[in-house]
4 protein chains.
Amino acid sequence: MRKIAPTPTPGRPRDPETGQRILDAALRLLAAQGYSRMSLDAIAVDARVSKPTMYRRWSSKADLATAALRTLQLAEPRPDSGSTPADLIATLENFSRSLLRPNGMSLIGTVLAEEAHTPELLRLFRERIVTPRRAMLRAILDRAAERGELRAGADLDAAVQMLTGAFYARYLAQSKIEPGFARQLVEIVWNGLRKVKARR
Amino acid sequence: MRKIAPTPTPGRPRDPETGQRILDAALRLLAAQGYSRMSLDAIAVDARVSKPTMYRRWSSKADLATAALRTLQLAEPRPDSGSTPADLIATLENFSRSLLRPNGMSLIGTVLAEEAHTPELLRLFRERIVTPRRAMLRAILDRAAERGELRAGADLDAAVQMLTGAFYARYLAQSKIEPGFARQLVEIVWNGLRKVKARR
Amino acid sequence: MRKIAPTPTPGRPRDPETGQRILDAALRLLAAQGYSRMSLDAIAVDARVSKPTMYRRWSSKADLATAALRTLQLAEPRPDSGSTPADLIATLENFSRSLLRPNGMSLIGTVLAEEAHTPELLRLFRERIVTPRRAMLRAILDRAAERGELRAGADLDAAVQMLTGAFYARYLAQSKIEPGFARQLVEIVWNGLRKVKARR
Amino acid sequence: MRKIAPTPTPGRPRDPETGQRILDAALRLLAAQGYSRMSLDAIAVDARVSKPTMYRRWSSKADLATAALRTLQLAEPRPDSGSTPADLIATLENFSRSLLRPNGMSLIGTVLAEEAHTPELLRLFRERIVTPRRAMLRAILDRAAERGELRAGADLDAAVQMLTGAFYARYLAQSKIEPGFARQLVEIVWNGLRKVKARR
DNA sequence: CATGAATGAGCTTTCATTCAT
DNA sequence: AATGAATGAAAGCTCATTCAT
């Protein structure tokens, strides 16, 4: 009488949407409350599932939080206009926008705060967000180098870290970032990196 | 009948060490565990006092944590060698050392992560640490400007934020900061700020 | 494909006894210790459950205490023998027995003592106990009035309150109530209420 | 050089006002919060003394609370107009006013609620308040008996307890007591007690 | 004698996790 | 697979009482 399941995996299949809803809720709460304040009960309510449903997919709170972080993907345009300063400014303005989203800095804060307790959070945040963004900026500078725009010997990684780090420092100082900030940064760094043409 | 020196304060005097021990323990745990994981029980054990002793001095967890943060004071030498890059490098190397102390970055992380929940932490951290350091670097650049070393129109605040921010970005990318990093930063920024001498 | 009777409620069902055990323990402790001394730990031990099990059912101590009070139900026979004094005496003797149960008066005490702090307790006690009992006595007198036994103009509510209140006053004066007390009360009140027959 | 103290008790004498302030505060809080919620800290603040000052005079919370209760004294006029009903009504209206003072019933509640835990409270309350009031009412009825106004065989104590108890019952039912309530009570009881004149 | 400081034990409430259906 | 029920362990905070000055 039992119907043979045609699909290779027997039993009730998982609803793929459920997992996504859980991850979304987890990420939202992780950013809003921080890791230790984020409660699995709150995620369960938010995602409209029960807690064992979450435990079936992830083995612990840390596991779920890291899975949620893993879904973060830097998805931003990679400008390539030919003008190095313009590309840098465009990239940094995207960065600025993402930091200023609600709880944008809180998420960074919690991965740093939890480094001793849940180091995986920081590792994943690096892998998904920090490293790709750094690579984008680095690529812009590499193209500039190929075009012979840069003086020799400049530490391009240091330049990249100044450009992004300035936003952290600015937020830490004021919780806000003015429009035009990116332009000011690029002006100084570009001046510091580019090859000075011989004057006549 | 005259009382020359009446008892200065009635009642049993507080052991002045006790308060300090509590604040030390609180600051240590705040940095190590983050605000929300920091428990008053743990502080009490660490400081070898009972919890009511803590509550007699501070009215709540948030009150104690902010008091602990308030004791943070930036106490660093303010180099003034006459050489702008040398002064910048010396200041940044001090900064680097403080970030690399155990949980140096975690403390920054937790004040950011708690911004929504306990904004006083971030406010105090700014007042005690961020702003003074920014002022030190700014003063070095202001002296350079007075000596006529800088090109016109450069945004000195942006420069300061790049110099400090680069350390945050570096840590976020790697959890470590190489010796010599400060020098690389200063080279680029100094190049970007200084007045270019006419060539012959 | 049709599911005639789907699982009536999903998830693990509650043990119906558990909730009852908690309510019983709560009511016992409420009467024995008073509301503010009644501790959730003690209830948990008494009912052999964990505290979260209690919090799953009731959201706070006040909530649980009021739920426990709500289970109180006046379940007493409503005598209707045709003789007004006999009915009054029978009803009051039941009342007397319930007051003399262990902590019978303490429960009344705590709902009064908590009136400022947890007014719901008094409200529920009225609804479940005081009002029904008053109605029982009032009904006896109303039947007497219908039978033309009462003189005109007597305040029957006042009579009811004297009959019950005398027990409170007696307990307050002596912590005990003699057998025969109800009869004495009824004799006076009945004399005061009934229509005096013309004498010959 | 030391001056011999002329008073027989050496050392600093106690300020008698201090003790009174403490007792006043204790009684106020006992009525307002109930015994178990009444905190010695709150009393100390209210009376502007330190806690050891309280412990020097009374050995425990229970001791202080009973001492506070002991200060209660029924101080009411004892009407003696020649009219029994008028005297009863006047006495009961005083009683009513004292019950309706803020927390008048809460105090009764807490002494009942604490009977198991601190029986001394109930004992003292009886001695200071309940018994004297009962005696006042009883005296009115005794005078009536002497004047030959009462029928034989009536239980005068039961009558007294109905008259006072009705107020408890009324408050328990409604938290308020209407003006005129005393008159209604007395009408019924007086009818029930007095000697019926022969009719012709 | 009076003070402010200190304490051990307790309170209500919440959490991450596991169980039973 | 999914649910609601259950739990041990902890959290922040307060209390009656005692100590040291």
Side-chain angles (χ1 to χ4, degrees), chain A residues 9-15 18 36-44 48-57 59-64, chain B residues 7-15 18-19 36-44 48-64, chain C residues 7-15 18-19 36-44 48-64, chain D residues 9-15 18 36-44 48-57 59-64:
Chain A
T9 52
R12 171 171 170 183
R14 286 186 186 171
D15 184 342
T18 300
S36 63
R37 240 183 256 281
M38 166 186 105
S39 100
L40 299 190
D41 260 303
I43 295 174
R48 302 190 309 281
V49 298
S50 68
K51 282 187 286 178
T53 297
M54 295 157 58
Y55 273 90
R56 180 165 286 279
R57 289 168 167 80
S59 67
S60 68
K61 176 177 177 175
D63 200 20
L64 170 55
Chain B
T7 322
T9 54
R12 172 175 172 176
R14 281 186 190 176
D15 184 340
T18 301
S36 63
R37 234 184 263 280
M38 166 186 106
S39 97
L40 300 188
D41 258 303
I43 295 174
R48 300 190 309 282
V49 297
S50 67
K51 280 187 284 179
T53 296
M54 295 157 57
Y55 273 91
R56 173 167 285 277
R57 290 166 168 78
W58 300 281
S59 67
S60 68
K61 176 178 177 174
D63 200 19
L64 169 55
Chain C
T7 322
T9 54
R12 171 176 175 176
R14 282 187 190 173
D15 184 338
T18 301
S36 63
R37 237 185 261 280
M38 165 186 107
S39 98
L40 300 188
D41 256 304
I43 295 174
R48 301 190 311 281
V49 298
S50 68
K51 280 184 284 179
T53 295
M54 295 158 56
Y55 274 91
R56 174 167 284 277
R57 288 165 169 78
W58 300 282
S59 66
S60 66
K61 176 180 177 173
D63 201 19
L64 170 55
Chain D
T9 52
R12 173 170 171 184
R14 286 188 187 169
D15 183 342
T18 301
S36 66
R37 241 183 255 282
M38 166 187 104
S39 100
L40 298 189
D41 260 303
I43 295 175
R48 300 189 312 281
V49 298
S50 69
K51 280 187 289 177
T53 296
M54 295 157 57
Y55 273 91
R56 182 164 286 279
R57 287 167 169 79
S59 68
S60 69
K61 177 179 177 174
D63 199 20
L64 170 55

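Below, chain A is the first sequence line, B the second, and so on; all start at residue 1.
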Enquirer: For dT14(E), which nucleotide is its Watson-Crick or G-U wobble mate, given both distances must be under 3.5 Å?
Expert: dA9(F)
Enquirer: Do you know which two heavy atoms are closest between Ala44(A) and Lys51(A), and how far apart they sit?
Expert: CB-CG, 4.0 Å
Enquirer: Hey, which sits more toward the 5' end of DNA chain F by its nearest nucleotide, Arg14(C) or Ala42(B)?
Expert: Arg14(C)
Enquirer: Quick one: label Asp15(C) by what it contacts on the DNA or RNA (base, sugar-phosphate, nothing), any heavy atom closer than 4.0 Å.
Expert: sugar-phosphate
Enquirer: When rounded to the nearest 0.5 angstrom, what is the spacing between CG in Asp63(B) and CH2 in Trp58(B)?
Expert: 9.0 Å
Enquirer: For Ser39(C) and dC11(E), is the shortest distance between a side-chain N/O and OP1 or OP2 below 4.0 Å?
Expert: yes
Enquirer: Does dG8(F) have OP1 or OP2 under 4.0 Å away from a side-chain N or O of Ser50(C)?
Expert: no
Enquirer: Judged by each residue's nearest nucleotide on DNA chain E, which is more toward the 5′ side, Lys51(C) or Arg57(B)?
Expert: Arg57(B)
Enquirer: With both distances kept under 3.5 Å, what pairs with dA5(E), Watson-Crick or G-U wobble?
Expert: dT18(F)
Enquirer: Nearest whole Å is fine: how far is dA5(F) P from Tyr55(A) OH?
Expert: 18 Å
Enquirer: Is the shortest side-chain N/O distance from Thr53(A) to OP1 or OP2 of dT3(F) below 4.0 Å?
Expert: yes
Enquirer: Nearest heavy-atom pair of Gly19(C) and Arg57(C): which atoms, and what distance?
Expert: CA-NE, 3.8 Å
Enquirer: Can you give me the closest heavy-atom contact between Val49(C) and Met54(C), atom names plus distance?
Expert: CG2-CG, 4.0 Å
Enquirer: Quick one: the side chain of Lys61(A) and the base of dT17(E), do they pair up donor-acceptor inside 3.5 Å?
Expert: no
Enquirer: Nearest to the Pro52(A) side chain among dT3(F), dT7(E), dT17(E), which nucleotide is it?
Expert: dT3(F)
Enquirer: Report which part of the nucleic acid Met54(B) touches: base, sugar-phosphate, or nothing (heavy-atom distance under 4.0 Å, all strands).
Expert: nothing
Enquirer: Pick the nucleotide of DNA chain F nearest each of Pro13(B) and Arg56(C); which residue has the one closer to the 5' end?
Expert: Arg56(C)
